[in-house]
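Note: hydrogens, waters and symmetry copies are ignored here, and every other heavy atom, side chains too, is used. Labels below follow one simple rule: chain letters A, B, ... track the order of the sequence lines, proteins then strands, and each chain is numbered from 1. Just so you know, these numbers come straight off a predicted model, no measurement behind them.
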There are 4 protein chains.
Amino acid sequence: MPDMKKLTRAEQKARRPAQILDAAFEEFVERGYVATRVEDIADRVGVTKGTIYVYFETKEQLFEAMIRHISVPFEDLLASAHKLSGTCSERLESLIALLYDHIVENRRLRELMRFVISEGSRFPQVVDRHHEEFIDPLNAYLQSLIDEGVKHGEFRSAPAAFADAVVAPAIAMLIFTLIFNDRRVLDKTTYFEAHVDLILHGLVA
Amino acid sequence: MPDMKKLTRAEQKARRPAQILDAAFEEFVERGYVATRVEDIADRVGVTKGTIYVYFETKEQLFEAMIRHISVPFEDLLASAHKLSGTCSERLESLIALLYDHIVENRRLRELMRFVISEGSRFPQVVDRHHEEFIDPLNAYLQSLIDEGVKHGEFRSAPAAFADAVVAPAIAMLIFTLIFNDRRVLDKTTYFEAHVDLILHGLVA
Amino acid sequence: MPDMKKLTRAEQKARRPAQILDAAFEEFVERGYVATRVEDIADRVGVTKGTIYVYFETKEQLFEAMIRHISVPFEDLLASAHKLSGTCSERLESLIALLYDHIVENRRLRELMRFVISEGSRFPQVVDRHHEEFIDPLNAYLQSLIDEGVKHGEFRSAPAAFADAVVAPAIAMLIFTLIFNDRRVLDKTTYFEAHVDLILHGLVA
Amino acid sequence: MPDMKKLTRAEQKARRPAQILDAAFEEFVERGYVATRVEDIADRVGVTKGTIYVYFETKEQLFEAMIRHISVPFEDLLASAHKLSGTCSERLESLIALLYDHIVENRRLRELMRFVISEGSRFPQVVDRHHEEFIDPLNAYLQSLIDEGVKHGEFRSAPAAFADAVVAPAIAMLIFTLIFNDRRVLDKTTYFEAHVDLILHGLVA
DNA sequence: CATGAATGAGTTTTCATTCAT
DNA sequence: AATGAATGAAAACTCATTCAT
């Protein structure tokens, strides 16, 4: 008897955790941490409640594991940022493009922001980890980019907190997208152009 | 001796709804809609569960009433914006100052944003009302300000979606404040200066 | 100042208990004892909950008072029965006519039967009183009528429990009316004729 | 040694619904629909509240399922009625005997009548179903029996609604039994004899 | 008398979690 | 590993009753 299904039972089993985390993501996005039932997640995977508890001890640990699971693409973003080359302006523009591509467009990273905002007080470690691992490094890189631009005479000397202002339009678009889900369509390109236009004019020496 | 605590029954009754809505705000902020127990709200007011139901039919209606209750200061913001005078740059700077004063600093409006993000899918009317009544008018006013500045030669001609980019730093600071609550202290003045500096440089003709 | 309302305040007050009992009857009929709220009764009278408690100590006592209130017409029935004259057959037919007029047609006595059946285990005294005061005397009178008819040679000698069988069709129609409320229309005259026809043929010597 | 109590999980599970419905019947009989607590039913089964909800979605659905559960013996009654043979008088007497055996004596069918009377307005479908499935067919059969008897010259020509009058004594006894529960003892045989005596005398040509 | 705000005990229903199979 | 029956702690909501005005 030829094995029709490409997945052996062992392979099937190896995928379970990821399957559960993917399902958990969808359910938690839809209803939030408290209102999501473990059974909803199980149903989405096509198993029963009990199975979830085979892999995760509590709903809380499942949530935290899910957060780690969807945070992975952030590492790519950081890696990509560090590989940029060109003038400071060019690198800045590319960095902003990366933000739009990874954060605004990637649903998982977008919803990660929603979890940080809405479940933050229930899972403070999640927020802190998120910032220590992603936001702070990104901000540091951006700051170094601005400093370098200033030193090279490419950018004018800028006040403190400038780095935050520089990425703000991407954050704002991310938030709007989160809020409107599908009810209003926002055009990424239009936003990106206005963003780059504003900050490059605002920064040039 | 002024009788401070001699509230008649009628006075007491007149204050109840506001008392409950204030308490509801605090509890909903702390735990979110689903995890907040009606009894927590009652305890905070110093009454029993039943009393809450004398004034509000369901937890859902209480939540919606609370949102309307805390949205009031937004009207002041809009009114103040329309009273601004001076050159376009001056009015733009003043408008941004208003945003920092009203939105970033006013805890209620700040948390309103959190509700919009975290309870939006449960209360879509809340989000829509919020945008129709506040965000859209504010945006329209801002856009007209920019258009006027361009026509008068005060601002350079700008791409679409520029208005959004212009207020973005305030939004971003609002979000950060929301996320860190008290764990990281952000200085409003520093942000405000960086913000104005960036956009005025970015806008001037 | 001419007194427009025919009722002085004192008269108004004197009517309150009856008003409340009438309202209570309607509400208890509609929803049963447990599901009826004291407030529903108050609303129907046009007063507030508190007023009900001015006149009746508890919901339970109100229910019992209501039962006594609607039982009054039964006394008329008994009085009328004792005033009948004519041959035994004539008096029997008249008695059955009285049953249809008073019990089947009078909504209050009809619903009294429903209360006896549905709230009987909660208010056993109600049932017992009902039988002692009304059913037993009626039955005794009927039995004496039959006995007299047998003695006079008007009726044939009948087995025990015959009296119950003789009134049964009226009971059955009462029950059907109760069950169908308005969903099926039963014609009293048709039932009455079949009833009299059956028992007179069944009884005559 | 036969293992009496060694129920496998599967067996246990298979019995649960019937166990719950039996317990529900007892509790609903005792206190009526509204006053019965789901927990009372659970206690009677020896499980906890939650278990009831594993098998029935709501108290309402549980009640309706219980009604269907106890209605089953009615089908036997109908089946038995259709199997009767003999002269019309014999079949009529046998039919009445069936009524006493199945309805008056079978506690479940008796209490079904109470539910129809007391919960009818809350569950109109229950009443309608009850009549469409049981009362109407029984009545139709009885009518055809009388018609046949008239045609064969066994019975005299009877007025409309005669069929109802013919079974009325059984209904009346059912109601009395319901009302007195155990407080007055009614002798079925005495009633049955009076009943048959009355209607056979009333019907014969 | 009448009111209606407030109470608190009670009831239905939900759901994370456990554990025997 | 997977199941799903069972649990029990909680939470929204109800309502008879009280009592200050």
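Heavy atoms from other residues, nucleotides or ligands lying under 6.0 Å from CD of B/Gln125 number more than 12.
Checking each of C/Arg16, C/Met66, C/Arg68 against C/Leu21 for a side-chain contact (heavy atoms from CB on, under 4.5 Å) leaves exactly one that passes, namely C/Met66.
Taking the side chain of A/Lys59 as heavy atoms from C-beta on, and the options F/dA2, E/dT7, E/dA16, the nearest nucleotide is E/dA16. When the nucleotides E/dC15, E/dT7, F/dT17 are ranked by their closest atom to the side chain of B/Val47, E/dT7 comes out on top. In the set E/dA2, F/dA16, F/dC13, F/dC13 carries the atom at the smallest distance from any side-chain atom of B/Thr58. Listed nucleotides F/dC13, F/dT7, F/dT3 differ in distance to A/Val54; the shortest reach to its side chain belongs to F/dT3.
Put simply, the side chain of D/Lys49 and the base of E/dG10 share no donor and acceptor less than 3.5 Å apart.
Between C/Thr51 and E/dA2 there is no side-chain N or O to OP1 or OP2 distance below 4.0 Å.
Remark: F/dA20 base-pairs with E/dT3. Criterion, Watson-Crick or G-U wobble with two distances under 3.5 Å. Under the Watson-Crick or G-U wobble criterion, with both distances below 3.5 Å, E/dG8 is paired with F/dC15. In this structure, E/dT14 and F/dA9 make a Watson-Crick or G-U wobble pair, each of the two defining distances being under 3.5 angstrom.
Comparing A/Glu57 and A/Ala35 against DNA chain E, the residue whose closest nucleotide sits nearer the 5' end is A/Ala35. Across the interface with DNA chain F, nearest-nucleotide mapping of B/Glu39 and C/Glu39 shows B/Glu39 to be the residue nearer the 5′ end. Remark on DNA chain F: of its neighbouring residues B/Tyr33 and C/Val38, the 5'-side contact belongs to B/Tyr33, judged by nearest-heavy-atom nucleotide. With DNA chain E read from its 5' end, the first of the two nearest nucleotides for A/Arg37 and D/Val34 is the one closest to D/Val34.
Counting non-hydrogen atoms under 4.0 angstrom, A/Tyr55 reaches the backbone sugars and phosphates but no base.
One interatomic measurement links the two molecules: CD of A/Glu27 to P of E/dC15, which rounds to 12 Å at whole-angstrom precision. In this structure, D/Arg16 atom CZ and F/dT7 atom P are separated by 7 Å, rounded to whole Å. Here E/dA16 presents its C1' atom at 12 Å from CG of A/Asp40, a figure rounded to the nearest Å. Following rounding to the nearest Å, D/Ile41 (CD1) and E/dT11 (P) show an atom-to-atom distance of 13 Å. Rounded to an integer number of Å, the gap from B/Phe28 CZ to F/dA11 C1' is 13 Å. B/Tyr53 places its OH atom 18 Å from the P atom of E/dT11, with the value rounded to the nearest Å. When rounded to the nearest whole Å, the span between CD1 of D/Ile20 and P of F/dT7 equals 10 Å. Note: CD (C/Gln61) to P (F/dT17) measures 9 Å, nearest angstrom.
Pairs passing the ring-ring contact (aromatic ring centres under 6.0 Å, His included) check and including a residue from residues 28-59 of chain D, sequence neighbours excluded, read D/Phe28-D/Tyr33, D/Phe28-D/Phe63, D/Tyr33-D/Phe63, D/Tyr33-D/Phe123.
In terms of modelled atom types and a separation under 3.5 Å, the side chain of A/Arg114 and the main chain of A/Val29 share no donor-acceptor contact. Remark: the backbone N or O of A/Ser71 is not paired with any side-chain donor or acceptor of A/Arg108 at under 3.5 angstrom.
In this structure, B/Glu30 pairs ionically with B/Arg44, as a charged nitrogen and a carboxylate oxygen lie closer than 4.0 Å.
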